[in-house]
Structure formats: structure tokens, C-alpha cells
Amino acid sequence: MTPENLLYSKEHEWVKVTESDPIVTIGITEYAAENLGDIVFIELPEPGSNVDQFGKLGEVESVKAVSDIYSPISGTVVETNSQLTDNPEHINDSPYDNGWIVKIQIASSSELDNLMNSKEYDTMLTEE
């Protein structure tokens, strides 16, 4: 079940927005984690680096393939989930909690309009 409190990109990333905070949390969806298989390595961006909406954020390597992670929002990376360096499997085990990837201070909240809610994302998945 796709969490209803998140927004989603077509590339299977999720965004958790807190209304009073310009910092969002980003990860990859359970659907993406399942399709990648067991994740063995993740390349995280450096805190302080700027990212563009739908631009490359990092890479995740699984037993099946290496895949790019795209940022669903533009902004500045303020924190990375350093636990993933030693425990990348958190993405498989807990994609919406312990498996978060980065926190970004968003540049423009209007970009959130380019993302899908959970119902729209679930519809997209059924059409794939």
C-alpha cells in the first residue's frame, strides 16, 4: 500500500513534506525497491550540494543493476542518511522509514505541483 501522506515522482521517488518546514525527506518507493532487488550499495550526494528537480541525485546498486536516483524537487541537500552507507538494505526493508535517502531544503514549493499524490501514483503503477 502506498502511503497517502507522501508525494511521488514518475521515477518512483517519494517526498515527505512538512507544512511548516521548507525541508523535505526523499526516498525511493517500495515498488522501486522491490523491482531493484537486494540493494548492496548507494551513492549519496554531498550535503550542501544543489540538485535540480528530476536531475540525478545519486545511484543505487542492487544485485540486478545500477540505477540512478532522481531528485523529485530542486534545492540544497542538508542531510543524507549515513546509515545507508553500511546498511543499504534499509531501503529494501523500510523504504518509507529507515530507508530514507536525503533531506533537501526546497528551492520552490511550486515544484511540488509536478508530483503525484498516492492515488495518482497507484494508478500509474497499474498502467505499467
Side-chain angles (χ1 to χ4, degrees):
M1 184 67 190
T2 307
E4 292 181 7
N5 63 325
L6 305 175
L7 296 172
Y8 300 89
S9 73
K10 290 179 179 166
E11 299 295 333
H12 308 289
E13 287 86 18
W14 57 262
V15 178
K16 182 177 183 180
V17 179
T18 308
E19 260 184 62
S20 61
D21 194 346
I23 295 173
V24 297
T25 305
I26 294 171
I28 64 171
T29 65
E30 184 175 7
Y31 175 86
E34 286 175 0
N35 280 292
L36 286 167
D38 293 336
I39 295 171
V40 296
F41 176 78
I42 184 162
E43 176 189 295
L44 298 168
E46 290 293 320
S49 59
N50 291 318
V51 293
D52 294 321
Q53 187 173 39
F54 309 127
K56 185 175 174 180
L57 181 65
E59 275 183 1
V60 64
E61 183 178 336
S62 71
V63 293
K64 292 181 181 179
V66 175
S67 298
D68 290 338
I69 303 168
Y70 298 96
S71 181
I73 200 87
S74 298
T76 304
V77 176
V78 294
E79 185 180 350
T80 60
N81 187 348
S82 57
Q83 290 185 20
L84 297 180
T85 304
D86 294 329
N87 302 292
E89 68 276 4
H90 284 329
I91 295 172
N92 294 108
D93 301 338
S94 180
Y96 300 111
D97 294 309
N98 295 335
W100 66 273
I101 296 171
V102 297
K103 293 188 179 189
I104 292 178
Q105 183 165 353
I106 59 176
S108 172
S109 59
S110 65
E111 288 184 348
L112 296 170
D113 296 338
N114 299 329
L115 302 174
M116 295 175 274
N117 63 32
S118 61
K119 188 178 275 188
E120 293 165 329
Y121 181 72
D122 286 340
T123 299
M124 184 190 82
L125 293 181
T126 59
E127 293 171 353
E128 282 193 353

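All values derive from a computational prediction rather than experimental measurement.
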*Asks:* May I ask you to test the Y8-E120 pair for a side-chain heavy-atom distance under 4.5 Å?
*Replies:* no

*Asks:* Less than 4.5 Å apart, side chain to side chain, heavy atoms only: is that true for Q53 and L115?
*Replies:*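 Q53 vs L115: side chains touch.
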
*Asks:* Can you tell me how far the OG1 atom of T85 sits from the CG atom of L44, to the nearest 0.5 Å?
*Replies:*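 So the OG1 of T85 and the CG of L44 are separated by 5.5 Å.
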
*Asks:* For K119, is there any backbone N or O sitting under 3.5 Å from a side-chain donor or acceptor partner on T123?
*Replies:*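 Here the side-chain-to-backbone pair exists.
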
*Asks:* What is the minimum heavy-atom distance between N35 and K64, and which atoms define it?
*Replies:*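 Scanning both residues completely, I find the closest heavy atoms to be O-NZ, 3.4 Å.
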
*Asks:* Between V78 and Q105, what is the shortest heavy-atom contact and its length?
*Replies:* CG1-CB, 4.0 Å

*Asks:* Side chain to side chain contact (heavy atoms under 4.5 Å, CB included), that's the test. Do I101 and N81 meet it? Break it down for me.
*Replies:* CA-CA 5 Å; I101 296 171; N81 187 348; 5.7 Å; no

*Asks:* Is there a path from W14 to M124 through hydrophobic residues (I, L, V, M, F, W, Y) whose side chains come within less than 4.5 Å of each other?
*Replies:*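 The answer is yes; both residues are in one hydrophobic cluster.
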
*Asks:* Where is the tightest heavy-atom contact between S74 and E111, given as atom of each residue plus distance?
*Replies:*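 Looking at all heavy atoms of both residues, the closest pair is N-OE1, 2.7 Å.
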
*Asks:* Dump the intermediate steps for side chain to side chain contact (heavy atoms under 4.5 Å, CB included) on Y70 and K10, then the final yes or no.
*Replies:* CA-CA 10 Å; Y70 298 96; K10 290 179 179 166; over 6 Å; no

*Asks:* Would you call T18 and I23 a side-chain contact if the rule is heavy atoms closer than 4.5 Å?
*Replies:*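 SC-SC contact between T18 and I23 ruled out.
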
*Asks:* For the residue pair N117 and L7, what are the closest heavy atoms and their distance?
*Replies:*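 Nearest heavy atoms, N117 then L7: CA-CD2, 4.3 Å.
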
*Asks:* Drop me the distance from K56's NZ to S71's OG, to the nearest 0.5 angstrom.
*Replies:* 13.0 Å

*Asks:* If I take atom CG from residue L57 and atom CD1 from residue I26, how far apart are they, to the nearest 0.5 angstrom?
*Replies:* 6.0 Å

*Asks:* How long is the span from the CG atom in N87 to the CD1 atom in I42, to the nearest 0.5 Å?
*Replies:*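 If I round to the nearest 0.5 Å, the distance is 12.0 Å.
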
*Asks:* As an exercise, state the distance from OH of Y121 to NE2 of H12, rounded to the nearest 0.5 Å.
*Replies:* 5.0 Å

*Asks:* Measure the spacing between OG of S62 and CD1 of I39 and express it to the nearest 0.5 Å.
*Replies:* 6.5 Å

*Asks:* Assess the residue pair W100 and L84 against the criterion (side chain to side chain contact (heavy atoms under 4.5 Å, CB included)); give the C-alpha distance rounded to whole Å, side-chain angles, the decisive distance to 0.1 Å, and a yes or no.
*Replies:* CA-CA 9 Å; W100 66 273; L84 297 180; over 6 Å; no

*Asks:* So do the side chains of T2 and T29 get within less than 4.5 Å of each other, counting heavy atoms only?
*Replies:* no

*Asks:* Side-chain heavy atoms under 4.5 angstrom apart, residues restricted to Ile, Leu, Val, Met, Phe, Trp, Tyr: same cluster for M116 and Y31?
*Replies:* yes

*Asks:* Are V17 and F54 co-members of a hydrophobic cluster defined by side-chain heavy atoms under 4.5 Å apart?
*Replies:* yes

*Asks:* State, with a plain yes or no, whether a side-chain heavy atom of V60 is found less than 4.5 Å away from one of P88.
*Replies:*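 Not touching, per the 4.5 Å side-chain cut-off.
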
*Asks:* Testing I28, L6, N5 one by one against Y96 for a side chain to side chain contact (heavy atoms under 4.5 Å, CB included), which residue passes?
*Replies:* L6

